[in-house]
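Handing you a structure now.
Residue numbering restarts at 1 for every chain, and letters A, B, ... go by the order of the sequence lines.
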Amino acid sequence: MEERGKVAGAAAGVLLPRAFFEAPPEQVAPRLLGKLLARRIRGHWVSGRIVEVEAYLGPHNTTPDPAAHSHRGVTERNRALFGPAGHAYVYAIYGMHFCMNITCEPAGRAGCVLLRALEPVAGLKQMRKNRGLSAEGAAWEIACGPGRLCQALGLTRNENGLDLLDEGSPLQALDDGYAIEEAVVTRRIGIRKAAELPLRFALPGHACVSGPKNLKSERLRIA
DNA sequence: GCAGTGATTTGCT
DNA sequence: GCAAATCACTGCG
């Protein structure tokens with residue numbers, strides 16, 4: 001029996017509305033902080049709270065974003081980016097890793113948000129197993145980083161294009177009512193092009209956030 | 001610090 | 001076609 005949107009061992013959440021993702025990525029990204037990403041693995045749900053994200057702008061935007069995969073238009077790989085909002089864009093990088101994005105904006109506009117880190121909430125045992133960590137492994141290191149996040153949740157190219165807002169989907173974006181008050185915004189990390197844009201958002205001081213701790217940052221109130 | 005991995009895209013013939 | 005360059009990373013030294 002499938003319990004829709006239910007996260008085993010954690011407070012149940014409700015699917016985020018499509019309209020949540022139909023906004024520009026720089027608006028969606030900070031709002032995603034504190035929301036849940038849930039993944040069904042062989043009938044069991046694992047989940048984590050989103051604590052770090054980066055926005056990537058579509059080619060229609062007035063601010064050019066050469067770091068975005070959509071920058072040079074539609075290709076076989078990035079097709080999902082140009083589709084409707086609220087879908088997964090998963091791609092392989094550096095041979096051995098995957099990165100997970102959620103598409104934003106209506107079809108035809110290719111903004112997206114890269115999920116960089118989660119605080120594990122449910123199914124820690126499964127996530128540690130996926131990551132090759134021992135049972136004593138600290139929770140913060142399970143999904144701190146975009147590649148680790150995908151490995152912990154078992155996300156590969158097979159999950160590319162999934163609708164995160166569908167009750168039957170094995171990958172869902174949920175709101176469990178957890179509210180954050182404040183975020184920090186910094187430059188993006190791990191890229192060379194357009195890295196200076198202030199499009200990385202994270203929960204301040206959270207142990208599960210990846211990357212350097214001393215980046216120049218500004219506080220951001222979340223309405 | 002940097003090697004290792006491979007999918008993807010681009011720039012040549 | 002095919003070769004070369006790129007790439008939003010991690011783990012090991």
Validation row: A:Glu182, A:Ile222 side chains within 4.5 angstrom (heavy atoms):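 Not touching, per the 4.5 Å side-chain cut-off.
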
A:Met100 versus A:Leu37, closest heavy-atom pair with distance: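 Closest approach of A:Met100 to A:Leu37: CE-CD1, 4.5 Å.
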
Spacing of A:His97 atom NE2 relative to B:dA7 atom P, expressed in whole Å: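 Interatomic distance, NE2 of A:His97 to P of B:dA7: 14 Å.
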
Any A:Arg72 side-chain N or O less than 4.0 Å from OP1/OP2 of B:dT10: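 For B:dT10, OP1/OP2 do have a side-chain N/O of A:Arg72 under 4.0 Å.
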
Value in whole Å for how far the P atom of C:dC7 lies from OH of A:Tyr94: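 It works out to 8 Å between those atoms.
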
Closest nucleotide among C:dG11, C:dA8, B:dG4 to the A:Arg131 side chain: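 Minimum distance to the A:Arg131 side chain belongs to C:dG11.
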
Sugar-phosphate only, base, or nothing, as touched by A:Ala68 at under 4.0 Å among non-hydrogen atoms: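 Base contact.
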
Minimum-distance nucleotide to A:Arg148 side chain [options: C:dG11, B:dA7, B:dT9]: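 Side chain of A:Arg148 sits closest to C:dG11.
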
Nucleotide nearest A:Arg157 (side chain, heavy atoms from C-beta), chosen from B:dA7, C:dC9, C:dG11: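 Of the options given, the side chain of A:Arg157 lies nearest B:dA7.
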
A:His69 NE2 to C:dC9 P, straight-line distance once rounded to whole Å: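 Rounded to whole Å, this separation is 9 Å.
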
Nucleotide of C:dA8, B:dG4, B:dT9 approaching A:Ile191 most closely (side-chain heavy atoms):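 Nearest listed nucleotide: C:dA8.
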
A:Lys193 side chain near C:dC7 phosphate (N/O to OP1/OP2, under 4.0 Å):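 Yes, A:Lys193 has a side-chain N/O under 4.0 Å of OP1/OP2 on C:dC7.
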
Option among A:Leu57, A:Asp65, A:Asn61, A:Thr103 that satisfies the side chain to side chain contact (heavy atoms under 4.5 Å, CB included) test with A:Pro25: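 Only one option passes, and that is A:Leu57.
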
C:dA8 base / A:Tyr91 side chain donor-acceptor hit below 3.5 Å: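 In this structure, the two groups form a donor-acceptor pair.
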
Side-chain N or O of A:Arg77 closer than 4.0 Å to phosphate OP1/OP2 of C:dC7: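 No, A:Arg77 has no side-chain N/O under 4.0 Å of OP1/OP2 on C:dC7.
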
Proximal nucleotide (of B:dG4, C:dT10, B:dT9) relative to the A:Met96 side chain: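 The listed nucleotide nearest to A:Met96's side chain is B:dG4.
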
Length of the line joining A:His71:NE2 and B:dT10:P, which is rounded to integer Å: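 Atom-to-atom, A:His71 to B:dT10, this comes out as 11 Å.
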
Separation of atom CD1 in A:Ile189 from atom C1' in C:dC7, rounded to whole Å: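 A:Ile189 atom CD1 is separated from C:dC7 atom C1' by 15 Å.
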
A:His69 ring center within less than 6.0 Å of A:Tyr56 ring center: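 That pair fails the under 6.0 Å test.
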
Options C:dC9, B:dG4, B:dA7, nucleotide nearest the side-chain atoms of A:Ala92: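 My answer, after comparing the listed nucleotides, is B:dA7.
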
Sugar-phosphate, base or nothing in reach of A:Tyr56, heavy atoms under 4.0 Å: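 Base: the residue A:Tyr56, judged by heavy atoms under 4.0 Å, touches a nucleobase.
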
Beyond-backbone contact of A:Glu159 with A:Arg39, side-chain heavy atoms, under 4.5 angstrom: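 Heavy-atom side-chain distance check passes, below 4.5 Å.
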
Spacing between A:Glu54 atom CD and C:dA8 atom P, to the nearest angstrom: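 After rounding, the reported distance stands at 10 Å.
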
Shortest non-hydrogen separation from A:Arg157 to A:Val90 and the atoms involved: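 Minimum heavy-atom separation between A:Arg157 and A:Val90: NE-O, 3.5 Å.
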
Any-strand Watson-Crick or G-U partner of B:dG1, both distances under 3.5 Å: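 Paired with B:dG1, as far as the under-3.5 Å criterion goes, is C:dC12.
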
Sugar-phosphate only, base, or nothing, as touched by A:Arg116 at under 4.0 Å among non-hydrogen atoms: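 The residue A:Arg116 makes sugar-phosphate contact but no base contact.
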
Nearest-Å distance for atom pair CD1/C1', residues A:Ile93 and C:dC7: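 So the CD1-C1' distance, A:Ile93 to C:dC7, works out to 4 Å.
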
Integer-rounded Å distance: B:dA7 C1' and A:Tyr89 OH: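 Interatomic distance, OH of A:Tyr89 to C1' of B:dA7: 10 Å.
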
